[in-house]
Amino acid sequence: MTETSLVSPQQDGAGRWPRVALTGFDGIVVRFADSLSEPANRAALAFRAALERAGWSAVLETSTSLVSTYLRFDPLGCDHARMQAQVETLLAEHDWYAQPLPEGRKLWRVPTVFGGDLAPQLPEAAARAGLSADEAVRQIAETRLRVQTIGFAPGQPYLGELPPAFDIPRQTDLTPQVPEGAVVVAIRQIVLFSVSTPTGWRHIGQTRFRLFRPDAPDPFVLRPGDEVLFDPIPPEHYAALAAAGPDGGARWEALP
């Protein structure tokens, strides 16, 4: 693997960002930071959108993580040195940390039961944050959370960032199972589960929003850059959401 450091507005004691690395035989990763921040996540999303717009014929696939953009290319159609040079040229065109987010984003409003039997770890998470359960729900519900990346399970979003009080650690032990649609919290992020799975994050809310629909033309409902608002509902309204289809009562509007 080779790595090239490029001049950018983002600096720390370890050097400058972004950094370009060849990965494997046919990949390039552009890293915008070594830890999550809003500007670094914005940069990763914006740069991926720019790669898609560029339409380079040798690029086969692009994706993003929390602070990185990845592209896979055909080395027979474009050698490594040329592809890296194209990436570096594109990187030099803008301050990616200040670029607009991609077009076509959506704001989703998702009915959510917080606490109770459906999501029993809300009191524990709120106490860790130094808040009452009611105040924790209020702050979460008022925060528009960006889909920072999709990962761990098909169509599953990492959402952030919550207010600083929610910089709480993961559990030391795993919860054996949380259901599909579970809202879990740690380290100023929320994960909305697309499958039923064990987790080390605290289960604070429950939805009927199905994020992974393998039989649909577009199996992943949320995309990086979309935003989510969790709308609190009473527990007695939860059962009725089953009749609302796979969206579970969620609705969306286009973001400018």
Side-chain angles (χ1 to χ4, degrees), residues 1-52 54 59 61-73 80-81 83-102 105 128-129 143-153 156-172 184-192 199-202 222-228:
M1 180 184 295
T2 62
E3 186 170 284
T4 302
S5 293
L6 303 173
V7 174
S8 91
Q10 302 292 311
Q11 302 183 44
D12 64 12
R16 295 176 180 267
W17 303 96
R19 296 176 182 172
V20 179
L22 298 176
T23 58
F25 179 65
D26 59 356
I28 290 179
V29 171
V30 182
R31 293 186 290 169
F32 292 93
D34 61 0
S35 60
L36 177 60
S37 68
E38 194 283 333
N41 182 251
R42 173 183 293 270
L45 296 174
F47 189 69
R48 181 194 182 188
L51 286 173
E52 295 286 334
V59 173
E61 176 186 9
T62 67
S63 62
T64 57
S65 66
L66 292 173
V67 296
S68 302
T69 304
Y70 169 79
L71 67 89
R72 184 171 65 87
F73 66 99
H80 291 74
M83 180 57 68
Q84 184 165 341
Q86 287 181 204
V87 168
E88 292 178 1
T89 298
L90 183 59
L91 273 173
E93 291 184 1
H94 299 288
D95 172 5
W96 295 99
Y97 302 88
Q99 284 297 292
L101 291 165
R105 298 182 307 122
R128 288 270 185 170
T143 303
R144 281 170 56 155
L145 297 165
R146 181 189 302 164
V147 179
Q148 298 167 320
T149 192
I150 300 290
F152 178 74
Q156 182 162 296
Y158 286 76
L159 301 162
E161 284 185 306
L162 288 167
F166 290 93
D167 191 13
I168 62 177
R170 300 173 182 87
Q171 303 174 112
T172 55
V184 302
V185 65
I187 53 174
R188 294 187 66 183
Q189 292 176 296
I190 279 178
V191 173
L192 177 55
T199 182
W201 296 36
R202 290 174 175 84
L222 297 180
R223 297 177 177 273
D226 285 349
E227 297 181 8
V228 174

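Reckoned from all heavy atoms, side chains included, excluding hydrogens, waters and symmetry mates.
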For the residue pair [X] and [Y], what are the closest heavy atoms and their distance?
| X | Y | result |
| --- | --- | --- |
| Q99 | A46 | CB-CB, 3.8 Å |
| W201 | A186 | CE3-N, 3.5 Å |
| Y97 | R42 | O-CD, 3.4 Å |
| I168 | A129 | CG2-N, 3.9 Å |
| A50 | W96 | CB-CH2, 3.4 Å |
| V29 | S68 | CG1-CB, 4.0 Å |

Taking atom [atom1] of [X] and atom [atom2] of [Y], what is their separation to the nearest 0.5 Å?
| X | Y | atom1 | atom2 | answer |
| --- | --- | --- | --- | --- |
| T62 | I28 | OG1 | CD1 | 13.0 Å |
| Y70 | E61 | OH | CD | 6.0 Å |
| L91 | T69 | CG | OG1 | 8.5 Å |
| E38 | Q148 | CD | CD | 9.0 Å |
| H80 | F25 | NE2 | CZ | 5.5 Å |
| R72 | S63 | CZ | OG | 10.0 Å |

For R223, look at atom CZ and say whether over 12 heavy atoms of other residues, nucleotides or ligands are found less than 6.0 Å away.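 Open: at most 12 neighbouring heavy atoms sit under 6.0 Å from CZ of R223.
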
When you look at V147 and L159, which way does the side chain to side chain contact (heavy atoms under 4.5 Å, CB included) test go after all the steps? CA-CA 5 Å; V147 179; L159 301 162; 3.6 Å; yes

Taking the side chain as everything from C-beta on, heavy atoms only, tell me whether [X] gets closer than 4.5 Å to [Y].
| X | Y | answer |
| --- | --- | --- |
| R146 | L45 | yes |
| R31 | V67 | no |
| L36 | R188 | no |
| V59 | M83 | yes |

Ignoring hydrogens and angles, tell me if any N or O in the side chain of R105 forms a donor-acceptor pair with the backbone of G225 under 3.5 Å.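 Yes, the answer is positive, given that a donor and an acceptor are paired below the 3.5 Å cut-off.
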
Please determine whether side chain to side chain contact (heavy atoms under 4.5 Å, CB included) holds for the pair I187 and D167, giving the CA-CA distance in whole Å, both sets of side-chain angles, and the decisive distance to 0.1 Å. CA-CA 4 Å; I187 53 174; D167 191 13; 4.2 Å; yes

Ring centers of F47, H94 separated by less than 6.0 Å: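 Here the rings of H94 and F47 have centres that are no less than 6.0 Å from each other.
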
